[in-house]
Enquirer: 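There's a structure below that I have some questions on.
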Number of protein chains: 2
Amino acid sequence: MAQDTPVQPRPHRVTAADVAHQAGVSRSAVSRAFTPGAYLHQDKREHILKVAAELGYRPNALAAVLQGKGRSHLVAIVTGSLENFYDSEILSRLVQQLIAQGKWPVVLGGDDVPEADVMAVLGFPLDAMIVRGGSVPDEVVDHCAKLQIPMIVSGRILDHPGIDSVCCESEQGAALAVQALVEKGRRRIAYLGGQADLSSERERRAGFLSAMAAAGLAPVALTTGNYSYDGGLESTRSLLEQHPEIDGLFCANDAMALGALAVATGEMKRRVPETLSIIGFDDIALARWPSFGLTTIRNDIEETVSQMMRLLARRLDTPSAPAELVRIRPEFVPRLTH
Amino acid sequence: MAQDTPVQPRPHRVTAADVAHQAGVSRSAVSRAFTPGAYLHQDKREHILKVAAELGYRPNALAAVLQGKGRSHLVAIVTGSLENFYDSEILSRLVQQLIAQGKWPVVLGGDDVPEADVMAVLGFPLDAMIVRGGSVPDEVVDHCAKLQIPMIVSGRILDHPGIDSVCCESEQGAALAVQALVEKGRRRIAYLGGQADLSSERERRAGFLSAMAAAGLAPVALTTGNYSYDGGLESTRSLLEQHPEIDGLFCANDAMALGALAVATGEMKRRVPETLSIIGFDDIALARWPSFGLTTIRNDIEETVSQMMRLLARRLDTPSAPAELVRIRPEFVPRLTH
DNA sequence: CTGAAAGCGCTTACAG
DNA sequence: CTGAAAGCGCTTACAG
């Protein structure tokens with residue numbers, strides 16, 4: 001098989017025609033050999049499969065998709081930063097469940113996914129697109145929706161007729177946190193939030209503010225830590241320097257809460273929970289680690305992912321179904337930091 | 001545009017022919033309008049692009065791949081469990097860099113990727129397949145190689161002519177750890193490893209054993225924690241119960257070391273590093289957190305990923321290039337736990 | 001049960 | 001500069 005032509009830029013992939021030729025049958029027969037229900041004499045099928053195996057043939061999935069009226073089984077996932085544990089845990093489950101359903105996840109991720117990339121992936125006849133959190137601007141999402149590609153959005157709410165979403169009842173979650181703080185006798189409470197343009201942040205903050213008001217309390221401070229550990233670390237440092245009287249801190253996600261906990265108990269020599277309560281949001285795996293024992297508001301990951309999968313299946317089944325919004329009910333998880 | 005036929009299983013995707021019809025030009029012209037260098041009257045191109053935008057048309061990437069002699073730009077990534085931070089950090093960078101290079105990562109992941117899934121993804125005319133760690137049995141990898149699909153493997157070494165790999169010089173890394181322990185006066189040293197069938201585990205263990213021997217020491221114990229935090233937790237608990245004399249612990253990855261640290265300083269009331277030194281391996285982001293300050297052996301993630309990308313580019317460029325094995329040089333990172 | 005033919009949506013020589 | 005035609009690799013009626 002050695003060639004004396006110059007480097008082959010792309011090695012020839014063996015094709016149904018090659019197998020047909022080698023096995024002395026028609027291309028239709030080869031195709032049938034790989035199609036479970038198809039009529040084909042048993043001996044013939046075995047022979048074809050054998051030849052195919054020798055040649056290392058497998059049907060080109062792209063050609064199959066193109067030809068049939070079927071689906072591509074390609075599902076794009078646009079995720080937020082994988083360095084933030086919550087998104088990473090979601091992605092992990094999502095990938096596994098999609099694969100288990102026979103779908104192929106094409107992942108675009110990292111902090112800000114360039115709009116051009118999101119548009120470009122739409123070049124594929126995707127079965128669907130899954131968008132996590134605030135990774136993509138609303139306009140892009142809207143635009144995608146016009147392209148008739150089913151979209152499942154999580155972590156934000158988008159009011160578009162064809163877009164399904166699953167989202168935590170964040171306001172209520174924030175209220176649970178405030179309530180827990182107040183019950184422990186905390187009165188000088190601060191809020192550490194994420195990026196102001198994310199709907200999760202807006203809801204958590206709004207929930208915090210109204211629960212505080214309801215408790216007759218004014219927040220000592222409102223600050224932001226970009227939803228990251230390092231952000232939590234830095235913001236909490238200046239927060240506690242400027243307002244040493246703070247005795248309760250609600251963080252809009254666990255990553256920041258863990259950062260807050262580290263500075264508070266480390267550098268700032270605060271005793272948690274004796275003189276300072278810290279409550280996070282999400283309940284990532286790290287929150288359960290004995291090193292932390294972070295008290296938090298659970299934003300159930302399992303449940304979120306299985307709802308996304310359910311919405312996906314439903315949408316694929318009934319493309320014209322009305323948009324569905326699933327609300328995940330938050331839950332207070334007491335541990336050691338409050 | 002409303003139809004009174006029953007539910008359309010898959011909404012018609014607008015096609016070049018639709019645009020051609022609507023714009024009153026040939027299908028070739030439509031194609032040219034989307035091909036940067038192609039000859040096409042400027043006015044005509046603009047008109048076509050305008051009509052295309054109205055109709056929400058974009059060329060079907062699958063058809064384009066099928067037709068041309070070009071590449072698909074699809075790259076499969078088979079990753080280990082995303083719950084283990086090291087793989088998750090690698091994946092994150094890999095995805096971003098692939099996208100930046102115009103490749104589309106199709107991700108299969110989770111603990112054990114079913115062999116059938118790995119084989120199935122090969123139905124796509126992939127540009128390449130990237131395999132992380134021990135996520136796939138050697139036989140499958142070998143088989144894939146026969147299919148002429150370029151493979152880049154990281155975290156294990158596979159002796160196959162066409163497979164490139166990048167791998168940490170683990171034996172040397174383990175030796176660095178032992179050396180650091182010995183220099184601190186530790187003499188009763190134990191080893192906490194990962195799954196015995198992974199080549200990284202074999203190398204780290206071998207490196208540990210020979211460095212111990214070189215220092216004239218016999219290991220107090222050799223145990224395993226499955227490379228996970230929880231595994232580290234449990235194994236260390238019984239390790240310290242059975243061998244309270246241990247004064248140095250080398251863990252084959254950071255996740256286990258963090259688990260070890262938690263039990264040791266928590267439940268077991270050991271003082272780290274005063275009476276017990278703990279050293280990890282990898283240097284994941286968590287190791288740098290002030291809450292931990294884990295002393296570890298850096299298995300440079302940035303470097304690993306950029307080498308994988310370099311090998312990929314090289315292989316795509318020269319499919320017949322000889323297999324290359326890149327060794328990443330480990331580095332001792334002293335922090336607070338030794 | 002089986003093969004020749006049409007067609008999926010595109011791009012790219014080929015001939016104006 | 002432009003269109004008609006061929007062909008990428010497949011699957012699926014269609015006619016034996």
Side-chain angles (χ1 to χ4, degrees), chain A residues 9-48 52 55-74 120 122-126 147-148, chain B residues 8-49 52 55-74 120 122-126 147-148:
Chain A
R10 188 183 185 178
H12 173 70
R13 178 174 169 120
V14 11
T15 186
D18 298 334
V19 177
H21 179 79
Q22 181 77 8
V25 299
S26 70
R27 290 168 53 235
S28 321
V30 176
S31 177
R32 289 194 185 98
F34 283 87
T35 308
Y39 282 124
L40 188 62
H41 193 83
Q42 183 60 18
D43 296 352
K44 199 166 196 170
R45 161 167 279 146
E46 280 166 13
H47 179 228
I48 293 173
L55 263 39
Y57 169 76
R58 42 190 48 229
N60 184 326
L62 257 40
V65 168
L66 194 57
Q67 172 283 152
K69 32 355 241 75
R71 307 192 167 281
S72 67
H73 295 141
L74 255 16
L122 259 16
F124 292 95
L126 302 172
L147 257 49
Q148 304 252 30
Chain B
Q8 298 273 105
R10 189 184 183 178
H12 172 68
R13 179 174 169 121
V14 10
T15 185
D18 298 334
V19 177
H21 178 80
Q22 181 78 9
V25 299
S26 70
R27 287 167 57 236
S28 322
V30 175
S31 178
R32 288 193 184 99
F34 283 88
T35 308
Y39 282 124
L40 188 61
H41 192 82
Q42 185 58 18
D43 295 354
K44 200 167 198 170
R45 161 167 279 145
E46 280 167 12
H47 179 228
I48 294 173
L49 257 20
L55 263 40
Y57 168 75
R58 41 190 50 228
N60 184 326
L62 257 40
V65 168
L66 194 57
Q67 172 283 152
K69 43 331 250 86
R71 307 190 167 282
S72 68
H73 295 139
L74 254 19
L122 292 171
F124 292 95
L126 301 173
L147 258 47
Q148 304 252 30

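These figures come from a predicted structure and were not determined experimentally. Below, chain A is the first sequence line, B the second, and so on; all start at residue 1.
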Enquirer: In Watson-Crick or G-U wobble terms, both distances under 3.5 Å, what is the partner of D/dA4?
Expert: none

Enquirer: Between B/Val65, B/Leu126, B/Leu62, which is the residue that forms a side chain to side chain contact (heavy atoms under 4.5 Å, CB included) with B/Leu74?
Expert: B/Leu126

Enquirer: Does the side chain of A/Thr15 come within less than 4.5 Å of A/Asn60's, by heavy atoms?
Expert: no

Enquirer: What's the CZ-P distance between B/Arg58 and C/dC10, to the nearest Å?
Expert: 12 Å

Enquirer: Quick check: do B/His47 and B/Asp43 have side-chain heavy atoms less than 4.5 Å from each other?
Expert: no

Enquirer: What nucleotide among D/dT11, D/dG3, D/dA13 has an atom nearest to a side-chain atom of A/Arg32?
Expert: D/dA13

Enquirer: Tell whether B/Ser26 reaches the base of D/dA4 with its side chain through a donor-acceptor pair below 3.5 angstrom.
Expert: no

Enquirer: What's the shortest heavy-atom distance between B/Arg13 and A/Leu122, and which atoms?
Expert: NH2-O, 3.2 Å

Enquirer: Expressed as a whole number of angstroms, how long is the span from A/Arg27:CZ to C/dA6:C1'?
Expert: 11 Å

Enquirer: How is A/Ser31 classified with respect to the nucleic acid when contacts are heavy atoms under 4.0 Å: base, sugar-phosphate, or nothing?
Expert: base

Enquirer: Determine the minimum heavy-atom distance between A/Tyr57 and A/Ala16, stating which atoms define it.
Expert: CE1-N, 3.3 Å

Enquirer: I want to check one thing: is the phosphate of C/dC10, taken as OP1 and OP2, less than 4.0 Å away from some side-chain N or O of B/Thr15?
Expert: yes

Enquirer: Now, which nucleotide makes the Watson-Crick or G-U wobble pair with D/dA13, with each of the two distances under 3.5 Å?
Expert: none

Enquirer: Taking CG from A/Asp18 and P from D/dC8, how many angstroms apart are they, rounded to a whole number?
Expert: 11 Å

Enquirer: Measure the distance from CG on A/Leu122 to P on C/dG9 and round it to the nearest whole Å.
Expert: 17 Å

Enquirer: Expressed in angstrom and rounded to an integer, what is the separation of A/Leu62 atom CG from D/dC10 atom C1'?
Expert: 10 Å

Enquirer: Is the shortest side-chain N/O distance from A/Lys44 to OP1 or OP2 of C/dC1 below 4.0 Å?
Expert: no

Enquirer: Using the P atoms only, state how far D/dA6 lies from D/dT2, rounded to an integer number of Å.
Expert: 22 Å

Enquirer: Taking for each residue the nucleotide of DNA chain D bearing the nearest heavy atom, is the 5' side occupied by B/His41 or by A/Pro59?
Expert: B/His41

Enquirer: Taking the side chain of B/Gln67 as heavy atoms from C-beta outward, which of D/dC8, D/dC10, C/dG3 is closest to it?
Expert: D/dC8

Enquirer: If you measure from the P atom in D/dA5 to the same atom in D/dC1, how many Å do you get, rounded?
Expert: 23 Å

Enquirer: Give one of base, sugar-phosphate or nothing for A/Ser28, where a contact means two heavy atoms less than 4.0 Å apart.
Expert: base

Enquirer: Under 4.0 Å, heavy atoms only, any strand: does A/Leu66 hit a base, just the sugar-phosphate, or nothing?
Expert: base

Enquirer: Can you name the closest pair of heavy atoms from A/Phe124 and B/Ser72 and give their distance?
Expert: CZ-O, 4.4 Å

Enquirer: Can you measure A/Ile48 atom CD1 to C/dT2 atom C1' for me and round it to whole angstrom units?
Expert: 10 Å

Enquirer: Quickly work out the A/Arg71 CZ to D/dT11 C1' distance and round it to whole Å.
Expert: 18 Å

Enquirer: Calculate the interatomic distance between B/Asn60 atom CG and C/dT11 atom P; express it in whole Å.
Expert: 9 Å

Enquirer: Which part of the nucleic acid, if any, lies within contact of A/Tyr57, taking any heavy atom under 4.0 Å across all strands shown: a base, the sugar-phosphate backbone alone, or nothing?
Expert: sugar-phosphate

